[in-house]
Visitor: 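What follows is a single structure, and I will ask about it in a moment.
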Amino acid sequence: MNSENNPKFRIYPSIGIARLGNGRANKEDVVFSPEVPWENIFDTDKEYISEDGALKKQAQRFYIYRCDDQGNPIERISPDEFDIEWTAEVANKKPFWYDFNNSLDLSVQLENHNNLSNNFFDERIAPGISASLRNPNVLNEGLRKEGAENFRKELINSPKPVSVNKEDSRRRIKGMFPFVEEEDGLSRIAAKMNTTSKKVNLGTLEYDDGALIFYGGDGVSASLNASDLNTDFADNSNWYDDICDGRITAKIISKSSGEVVELDNAKSAAWIATAPPDYAPQIQPISTMYDLICGAADERYIPELSLIFPLFFRLYRMQWVNMGDFLSPSFKETIDKLTYEGKFKYIFEKSSNPEEARKVREEIFNLFRDPEYNYNNEPIIPSKDKTDLTNLGSGTDELKLPYYPGDGINYPGSPAQWFAIPPMLYNQLKEWRDGNFATPESFDFADINEMGEYYRQQFISASKDEKKQPLLMTRAVLETLYGGGFHPGVELTWPMRHSQIYRENSETFRFVSSEGIYEYGFYGLREVRINSASKEEQERIFYKSFGLLMTPEDLRESMSPDHEKHWLWKITPGDLTKWMGIPWQSDAGSCQAVFTDSQYPVPAWWAANLPIDVLTEESFDKIQDDAILPDTRRNIYANRLPWLQTTDTGFVGYHAEGGYMNGLIAMVYQWKDIGVVTGRRMDKDLDGVPEIVYVSYNGKQK
């Protein structure tokens with residue numbers, strides 16, 4: 001039994017992320033997805049590379065919580081009270097789905113402007129581009145003649161659900177590509193290519209004292225035809241990888257009463273997605289998936305410092321993964337200057353010198369790009385059709401923050417080539433600029449890291465409350481994911497910014513300070529559930545598509561709950577990750593620096609997960625060598641090196657530039673050898689170098 005409206009039990013986190021690695025799939029040899037937001041950001045003892053040099057997987061734990069009559073979590077259930085059986089049903093739909101050109105929602109007029117400016121539609125500043133099927137030579141013959149076979153079904157790697165319990169505690173999720181129901185069955189696609197289906201395992205489940213551990217795959221990517229190279233950043237026919245997503249359900253049996261409860265509907269089950277490695281796990285994206293999901297709710301948030309400070313803090317910390325955020329102009333430079341001048345306090349304080357505080361807030365606000373994209377003349381990012389970097393007639397305006405590409409990358413000259421924080425965040429920034437915020441009198445921070453530590457402790461303190469723990473788990477996961485721009489992204493992409501993809505997305509708890517009088521909003525803690533299809537719905541829609549071409553009009557029509565195309569928002573296994581690039585290494589490796597006519601700053605893509613410029617392990621050792629002059633040690637500290645050069649990948653850059661192809665291909669094989677940016681404490685004091693630095697380790701120096 002179960003109640004769809006107010007479940008007695010729920011699985012948390014409601015959305016989990018497991019990341020790929022070539023390390024072993026056991027709990028002693030992995031790192032786990034964070035369960036408390038910000039908890040790990042200042043850690044200096046974490047190891048993300050195993051002793052034998054493998055890149056550790058990031059595993060996801062799931063728990064079951066008992067809920068009150070309103071469906072709010074109360075306490076974690078114990079295996080002493082219940083027999084628990086966990087089930088995962090996952091799939092990889094990438095080869096079955098459509099090419100990625102750009103986000104199709106850019107051509108759709110939206111009611112909710114919290115996540116996307118309506119100027120995309122009104123001014124057509126970066127229209128969506130229709131997408132054709134991947135692997136177009138594999139046809140659904142049923143569209144050509146009645147009753148014929150749909151060969152495209154084999155393009156979905158969809159193993160049967162896998163279950164574990166106390167007695168049968170560990171099982172692999174055995175997939176294959178092309179997929180056939182029987183392990184020794186014959187694939188028509190593979191036979192046509194004179195080959196056989198390849199084993200592509202999608203992960204491992206482990207029962208762990210009542211909890212579930214989901215381990216992601218090994219990062220395997222390949223082509224059915226061994227001579228086919230991955231030559232596109234997102235769309236490579238014949239290729240497969242071991243990314244997946246899907247439903248996490250459970251059956252619990254009370255040991256005292258024998259009552260059986262199935263946690264298998266949209267409000268009680270959870271969702272898992274596997275993703276590429278996070279190569280800088282202590283550095284968070286500027287705009288996170290949690291921000292985006294809050295925006296999808298279309299709620300109005302009370303202006304609070306806690307809503308914009310995380311943006312400042314994350315942008316400041318990007319210095320560890322991107323040279324453009326380390327040098328000048330940069331947000332780091334602005335904050336460091338304020339700190340040096342004794343003005344950092346005006347970030348959070350406005351009464352001691354109101355005019356000076358107003359000037360500081362105005363200065364910072366003016367650094368950011370307006371997400372309404374009122375036309376400006378920022379530098380042009382070159383088209384993939386033209387590799388000449390001379391942008392005639394452009395670039396008279398300085399770049400605004402953030403220095404990262406946006407959704408309109410296919411339209412040189414469009415202001416939407418550049419990323420702007422979502423309108424919801426920008427509106428909070430306006431409120432802060434205008435002084436519409438309050439802070440306790442006890443606030444007194446010397447610098448941004450000290451202030452970040454204060455908020456970190458707020459999260460840790462909240463995690464002691466068993467009612468808040470599960471919601472914090474969900475938030476902690478979602479804050480590791482990018483929330484834009486999307487081309488297509490790193491882990492999950494643009495459908496996540498729309499309310500239709502959520503069965504539930506509502507604020508449940510708010511933070512209260514230790515003084516008991518001031519609320520720290522952080523958008524509150526949210527109950528977020530994917531709008532997963534029922535078993536009956538899944539039977540009907542699992543293999544549905546829009547035919548040979550998916551258009552912005554298809555998307556517009558699908559957003560209406562009454563339209564027959566609304567099936568797009570009923571999520572089945574594989575539906576969250578099917579929009580992403582295949583193989584995943586192509587997109588991950590091809591998005592690095594983006595060169596314009598200016599040396600300062602050099603923009604970049606997804607630096608918080610896929611670093612651009614790093615402090616290497618060798619440099620870290622050198623700056624602590626007392627035999628080297630202090631000035632030289634400081635020079636070494638400032639000499640950041642390309643992240644991808646920490647292994648033998650060669651040059652990989654933005655995919656409009658020529659010459660990056662060899663690096664893109666090499667990424668398929670070298671991804672596991674690239675450095676992971678990790679916090680380390682300096683053993684030797686050196687003026688101008690912080691106590692904690694973030695160093696790229698690849699396991700080769702032992």
Side-chain angles (χ1 to χ4, degrees), residues 91-106 126-140 151-152 154-157 177-178 189 193 200 219-245 275-276 383-385 405 407-411 485-495 545-552 554-555 574-592 605-606 610 652-658 660-668 671:
N92 179 319
K93 286 186 174 180
K94 289 185 187 181
F96 172 86
W97 201 236
Y98 292 88
D99 287 346
F100 187 89
N101 294 312
N102 71 350
S103 304
L104 289 169
D105 58 347
L106 302 182
I129 301 173
S130 297
S132 56
L133 287 172
R134 289 172 176 155
N135 293 289
N137 291 343
V138 180
L139 299 178
N140 178 358
F151 297 109
R152 293 189 63 81
E154 290 188 7
L155 296 175
I156 300 178
N157 187 353
F177 184 82
I189 296 174
M193 299 179 67
V200 191
V220 173
S221 300
S223 171
L224 278 179
N225 184 343
S227 64
D228 286 351
L229 300 176
N230 55 313
T231 56
D232 189 87
F233 81 100
D235 307 303
N236 292 278
S237 288
N238 298 330
W239 277 76
Y240 58 87
D241 64 24
D242 55 359
I243 294 284
C244 68
D245 70 270
S383 164
K384 65 181 180 181
D385 300 318
D407 287 307
I409 200 69
N410 287 315
Y411 295 95
F486 291 124
H487 195 77
V490 183
E491 306 100 348
L492 304 175
T493 189
W494 59 268
S545 72
F546 294 96
L548 298 177
L549 192 72
M550 182 179 181
T551 69
D554 288 324
L555 179 68
D575 282 350
L576 295 193
T577 54
K578 67 186 179 185
W579 305 90
M580 307 308 299
I582 184 167
W584 67 265
Q585 292 97 332
S586 295
D587 190 36
S590 65
C591 292
Q592 284 281 290
W605 282 90
W606 316 107
L610 301 164
V652 186
Y654 165 54
H655 46 82
E657 291 137 19
Y660 88 106
M661 195 70 69
N662 288 340
L664 185 155
I665 294 167
M667 188 74 174
V668 170
W671 65 272

Visitor: Nearest 0.5 Å, what's the NE2-CZ distance between His487 and Phe233?
Guide: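 The CZ atom of Phe233 is 4.0 Å from NE2 of His487, to the nearest 0.5 Å.
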Visitor: Would you say Arg152 and Leu133 make side-chain contact, with heavy atoms under 4.5 Å?
Guide: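 Arg152 reaches Leu133 side chain to side chain.
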Visitor: Would you call Ser545 and Tyr98 a side-chain contact if the rule is heavy atoms closer than 4.5 Å?
Guide: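 They are in side-chain contact.
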Visitor: For residues Asp242 and Cys244, determine if any side-chain heavy atom of one lies less than 4.5 Å from a side-chain heavy atom of the other.
Guide: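 Side chain of Asp242 against side chain of Cys244, heavy atoms only: no contact under 4.5 Å found.
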Visitor: I'd like to know whether Asn137 forms a side chain to side chain contact (heavy atoms under 4.5 Å, CB included) with Ser237, so could you lay out the CA-CA distance, the side-chain angles of the two residues, the decisive distance to 0.1 Å, and finally the verdict.
Guide: CA-CA 9 Å; Asn137 291 343; Ser237 288; over 6 Å; no
Visitor: So, using ring pair (Phe, Tyr, Trp, His ring centres under 6.0 Å) as the criterion, who are the partners of Phe96 when residues are at least two apart?
Guide: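 Phe96 satisfies ring pair (Phe, Tyr, Trp, His ring centres under 6.0 Å) with no other residue.
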Visitor: Atom CD1 in Ile582, atom CG in Asn230: separation rounded to 0.5 Å?
Guide: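 Between Ile582 CD1 and Asn230 CG, I get 10.5 Å after rounding to 0.5 Å.
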Visitor: Could you check if a side-chain atom of Pro127 sits within less than 4.5 angstrom of a side-chain atom of Tyr411, using non-hydrogen atoms only?
Guide: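 Yes, at least one pair of side-chain atoms sits under 4.5 Å.
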Visitor: Rounded to the nearest 0.5 Å, what's the gap from CD on Glu491 to OG1 on Thr577? Could you check?
Guide: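 Between Glu491 CD and Thr577 OG1, I get 12.0 Å after rounding to 0.5 Å.
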Visitor: Kindly indicate whether the side chain of Trp494, heavy atoms from C-beta on, has any atom under 4.5 Å from the side chain of Leu104.
Guide: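 Answer yes - side chains close enough.
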Visitor: For Asn101 and Asn410, work out which heavy atoms get closest and say how close.
Guide: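 Nearest heavy atoms, Asn101 then Asn410: O-ND2, 2.6 Å.
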Visitor: Indicate yes or no for a side-chain donor-acceptor contact from Asp228 to the backbone of Ser223 under 3.5 Å, with no hydrogens or angles considered.
Guide: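 Judged by distance alone, no pair lies under 3.5 Å.
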Visitor: Main chain of Asp235, side chain of Asp99: is a donor-acceptor contact present, judged purely on distance under 3.5 Å?
Guide: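 No: the side chain of Asp99 does not pair with the backbone of Asp235.
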Visitor: Could you tell me the separation between the CE atom of Met580 and the CD1 atom of Ile243, rounded to the nearest 0.5 Å?
Guide: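 With rounding to 0.5 Å, CE (Met580) is 8.5 Å from CD1 (Ile243).
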Visitor: Going by heavy atoms in the side chains, are Val668 and Trp239 under 4.5 Å from each other?
Guide: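 When only atoms from C-beta onward are counted, Trp239 and Val668 do touch, with a gap below 4.5 Å.
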Visitor: How far apart are the closest heavy atoms of Leu610 and Gln592, and which atoms are they?
Guide: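 Looking at all heavy atoms of both residues, the closest pair is O-NE2, 3.7 Å.
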Visitor: So which atom in Ala234 and which in Phe100 form the shortest heavy-atom distance, rounded to 0.1 Å?
Guide: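 Looking at all heavy atoms of both residues, the closest pair is CB-CB, 4.3 Å.
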Visitor: Which heavy atom of Asp407 sits nearest to which heavy atom of Ser103, and what is that distance?
Guide: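 It is OD1-OG, 3.6 Å.
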Visitor: Looking only at heavy atoms, what is the nearest atom pair of Pro552 and Ser130, with distance?
Guide: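 It is CD-OG, 3.4 Å.
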Visitor: Indicate whether the side chain of Asn238 and that of Asn225 have a donor and an acceptor atom separated by less than 3.5 Å.
Guide: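 No - no donor-acceptor pair under 3.5 Å links their side chains.
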Visitor: Could you grab the distance from atom OG1 of Thr551 to atom CZ of Phe546, nearest 0.5 Å is fine?
Guide: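 It is 8.0 Å, given to the nearest 0.5 Å.
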Visitor: Decide yes or no for Pro495 and Phe486: does some side-chain heavy atom of the first lie under 4.5 Å from some side-chain heavy atom of the second?
Guide: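 No, every pair of side-chain atoms sits at 4.5 Å or beyond.
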Visitor: Between the side chains of Asp241 and Asn92, does any donor sit under 3.5 Å from an acceptor?
Guide: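 Short answer, yes.
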Visitor: Does Pro136 reach the side chain of Leu548, with side-chain heavy atoms less than 4.5 Å apart?
Guide: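 When only atoms from C-beta onward are counted, Leu548 and Pro136 do not touch, as no gap falls below 4.5 Å.
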Visitor: Test side chain to side chain contact (heavy atoms under 4.5 Å, CB included) on Leu155 and Ile189 and set out the steps.
Guide: CA-CA 9 Å; Leu155 296 175; Ile189 296 174; 3.8 Å; yes
Visitor: Do the side chain of Asp587 and the main chain of Trp584 share a donor and acceptor less than 3.5 angstrom apart?
Guide: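 Side chain of Asp587 to backbone of Trp584, a donor-acceptor pair under 3.5 Å: no, none is there.
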Visitor: Where do Ala91 and Ile156 come nearest, in terms of heavy atoms and distance?
Guide: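 Looking at all heavy atoms of both residues, the shortest contact is CB-CG2, 4.3 Å.
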Visitor: Short question: side chain of Asn102, backbone of Ile409 - any donor-acceptor pair under 3.5 Å?
Guide: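 Between the backbone of Ile409 and the side chain of Asn102 there is no qualifying donor-acceptor contact (under 3.5 Å).
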Visitor: Report the distance from atom CZ of Arg134 to atom CG of Asp232, rounding to the nearest 0.5 Å.
Guide: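 Atom-to-atom, Arg134:CZ and Asp232:CG are 9.0 Å apart.
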Visitor: Within the distance-only criterion (no hydrogens, no angle test), does the side chain of Gln585 pair as donor or acceptor with the backbone N or O of Ser221 below 3.5 angstrom?
Guide: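 No, because the side chain of Gln585 does not come within donor-acceptor range (under 3.5 Å) of the backbone of Ser221.
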